[in-house]
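Just so you know, ligand 1 is whichever comes first in the structure, and atom 1 is the first atom listed for that ligand. Each residue takes its place number in the sequence, starting with 1.
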Amino acid sequence: MSSSNGNPTRRNVLRGALAAGGAVMTAGAARAAGDPAITEIQTWNQALGDGVDARPYGTPSEFEAHVKRRNVEWLTADPVSSVNFTPLHELDGIITPNGLCFERHHAGIAEVDPAKHRLMINGLVDTPLVFTMQDILRFPRENRVYFLECAANSGMEWRGSQLNGCQFTHGMIHNVMYTGVPLRLLLEEAGVKTSGKWVMPEGADASAMTRSIPMEKALDDCLVAFKMNGEALRPEQGYPLRLVVPGWEGNMWVKWLRRLEVGDQPWHHREETSKYTDLLADGQARRFTWEMDAKSVITNPSPQAPILHGAGHTVLSGLAWSGRGTIPRVDVTLDGGNSWHAARMSGPSFEKSLHRFYYEFDWDGSPLLLQSRAHDSTGYVQPTKDQLREVRGVNSIYHNNGIQTWHVSESGVAENVEIS
Ligand code: MTE
Ligand code: CO
């Protein structure tokens with residue numbers, strides 16, 4: 001694991017525990033007497049700040065410098081074909097800020113000049129077409145919020161708990177409002193022949209990423225997106241054009257999208273044969289496992305975000321999502337599953353988007369075994385890791401949506417563990 005993984009030192013944790021003085025405190029307790037943050041005049045109160053010309057493109061406060069994407073050293077043999085992770089424990093709400101969206105690329109970040117970028121539609125169509133970026137902007141566009149989860153998210157946890165932090169166990173996910181043109185409109189413009197049953201998107205980067213997407217999905221809710229959270233896609237996320245394949249594994253969301261070929265059968269390329277297939281215990285491989293199953297994780301407390309205030313009232317927070325719809329309900333347990341409580345859902349509930357949940361409780365300072373369990377709008381319930389292993393074995397990397405456990409010690413330190 002990266003040495004700069006943001007774990008607080010044990011001393012910090014102890015200091016947090018001591019500050020609470022063992023007493024059960026309410027939030028906003030009166031402890032003002034002698035507090036230098038009140039009695040002393042701070043530097044920012046004495047001098048003029050930066051003017052409106054100082055930050056033409058805003059960046060976070062210098063005190064937020066620890067909030068960043070991180071990679072795992074042993075997963076990063078070469079940074080141009082690797083992954084970094086979203087710091088989920090530092091975020092709230094449901095939207096991932098653009099600069100913190102995890103990155104996964106197979107041949108580095110392509111820096112594409114939009115003036116030279118083209119999107120071609122060819123294959124089994126009436127009229128092969130080539131669009132410039134300006135052409136794309138003349139189609140009706142839509143705004144929709146979706147999560148993108150890499151199929152390999154939590155893939156390092158199949159054989160047991162390994163990475164200490166939800167950034168690393170669950171951070172191959174981001175949730176963004178996309179602005180884009182429905183793929184259906186572009187395909188209709190070219191005229192799909194009746195024999196056209198599959199679409200193959202292709203990237204303009206050096207990996208020329210390709211996948212096979214069934215026509216039904218292509219005509220359903222896929223977008224050809226050019227904006228994320230209101231501004232142009234970041235180069236890391238496929239500027240100037242990426243395919244959005246809602247609810248389906250991230251690998252299919254081809255970045256730097258330059259071509260859509262229509263065919264009558266899947267192409268069986270590398271990313272759907274040797275990769276992104278799930279080897280079962282009996283040696284058979286599951287293929288075309290596109291949908292992301294319902295999943296959840298408690299982001300706070302978690303190994304990178306311990307409880308610092310000692311016993312007393314505390315706010316547990318987390319994320320839940322499903323590739324098949326919304327999340328009407330999340331259950332939370334503090335004792336490893338002996339008793340479950342309904343979490344409080346908060347914020348908008350979009351299909352195939354992250355959902356935020358909270359659970360407020362009085363912590364008595366004794367050790368906790370925290371878990372969350374998502375229910376999606378189809379009635380599917382997130383399985384335990386053991387239930388998942390029973391069906392799928394442990395050979396696979398992909399599609400691990402098992403329930404995550406954090407152990408919280410008396411000092412508030414959280415650790416990735418498993419219980420059976
Ligand atoms: N598209 C291209 N052209 N090249 C790539 O390497 N990586 C894929 C997919 N699309 C990739 C790509 C994988 S495996 C994932 S999980 C997502 O993009 C990651 O998207 P992100 O970098 O926006 O998080
Ligand atoms: Co991926």
Side-chain angles (χ1 to χ4, degrees), residues 68-72 75-76 78-88 91 95-112 117-120 145-156 167 170-178 180 199-213 222-229 231-261 269-278 289-292 321 323 354 396-400:
K68 59 184 182 185
R69 301 186 278 222
R70 291 186 175 83
N71 56 329
V72 171
L75 282 173
T76 308
D78 186 335
V80 299
S81 179
S82 188
V83 63
N84 60 25
F85 300 84
T86 305
L88 299 177
L91 304 178
I95 295 294
T96 315
N98 288 345
L100 294 175
C101 288
F102 88 95
E103 303 166 58
R104 168 77 178 106
H105 23 80
H106 295 67
I109 302 166
E111 290 283 355
V112 175
H117 190 69
R118 301 289 181 268
L119 173 63
M120 176 186 290
V145 178
Y146 292 121
F147 76 80
L148 178 164
E149 184 182 18
C150 180
N153 201 21
S154 314
M156 290 77 78
Q167 177 165 19
H170 290 74
M172 277 194 237
I173 193 163
H174 51 63
N175 201 55
V176 159
M177 161 128 55
Y178 293 97
V199 179
M200 184 192 72
E202 179 184 71
D205 56 330
S207 82
M209 174 74 64
T210 46
R211 284 294 298 259
S212 305
I213 298 178
C222 293
L223 292 175
V224 173
F226 44 88
K227 293 269 161 76
M228 57 191 290
N229 295 330
E231 64 177 1
L233 293 174
R234 293 288 170 88
E236 303 93 298
Q237 266 69 45
Y239 177 86
L241 219 50
R242 105 170 289 169
L243 189 63
V244 170
V245 191
W248 287 23
E249 60 188 20
N251 184 259
M252 307 176 88
W253 298 46
V254 169
K255 305 193 273 191
W256 312 289
L257 180 68
R258 72 164 175 202
R259 197 164 68 90
L260 294 158
E261 185 174 327
H269 281 176
R270 173 183 179 271
E271 305 292 311
E272 49 205 23
T273 50
S274 100
K275 300 287 181 287
Y276 299 95
T277 48
D278 315 323
T289 47
W290 301 306
E291 278 176 325
M292 300 309 293
W321 60 96
L354 293 189
S396 182
I397 299 169
Y398 308 107
H399 296 282
N400 181 350

Just to be careful: counting only protein atoms that are N, O or S, how many fall under 2.8 Å of the Co ion (ligand 2)?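 My tally for this metal is 1.
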
Are the side chains of Arg211 and Glu249 in touch, meaning some heavy atoms are under 4.5 Å apart?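 Sidechains of Glu249 and Arg211: in contact.
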
Pocket residues of ligand 1, ordered first by chain and then by residue number (heavy-atom cut-off under 4.0 Å):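 Residues within 4.0 Å of ligand 1: Phe102, Glu103, Arg104, His105, His106, Leu148, Cys150, His174, Gly203, Asp205, Ser207, Met209, Glu236, Gln237, Arg242, Gly250, Asn251, Trp253, Val254, Lys255, Trp256, Tyr276.
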
Between CH2 on residue Trp256 and CD on residue Gln237, distance to nearest 0.5 Å: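 The CH2 atom of Trp256 sits 8.5 Å away from the CD atom of Gln237.
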
Phe102 and His174 aromatic ring geometry - parallel, tilted or perpendicular at 30°/60° bounds: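 Tilted.
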
Minimum-distance pair of heavy atoms, taken over all atoms of Met156 and Leu75: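 Reported closest heavy-atom pair: CE-CD1, 3.5 Å.
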
On the 0 to 90° scale, with breaks at 30° and 60°, tag the Trp248-Trp290 ring pair as parallel, tilted or perpendicular.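 Taking Trp290 first and then Trp248, their aromatic rings lie parallel (interplane angle under 30°).
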
Could you check if a side-chain atom of Thr96 sits within less than 4.5 angstrom of a side-chain atom of Leu91, using non-hydrogen atoms only?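 The answer is yes; the side chains approach within 4.5 Å.
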
Reported CG-to-CZ distance for the pair Leu241 and Arg118, which is rounded to 0.5 angstrom: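 Reported to 0.5 Å precision, the distance equals 12.0 Å.
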
Whether over 12 other heavy atoms sit under 6.0 Å from Met177 CE: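 No.
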
For a 4.5 angstrom cut-off between non-hydrogen side-chain atoms, does Arg104 reach Ser81? yes

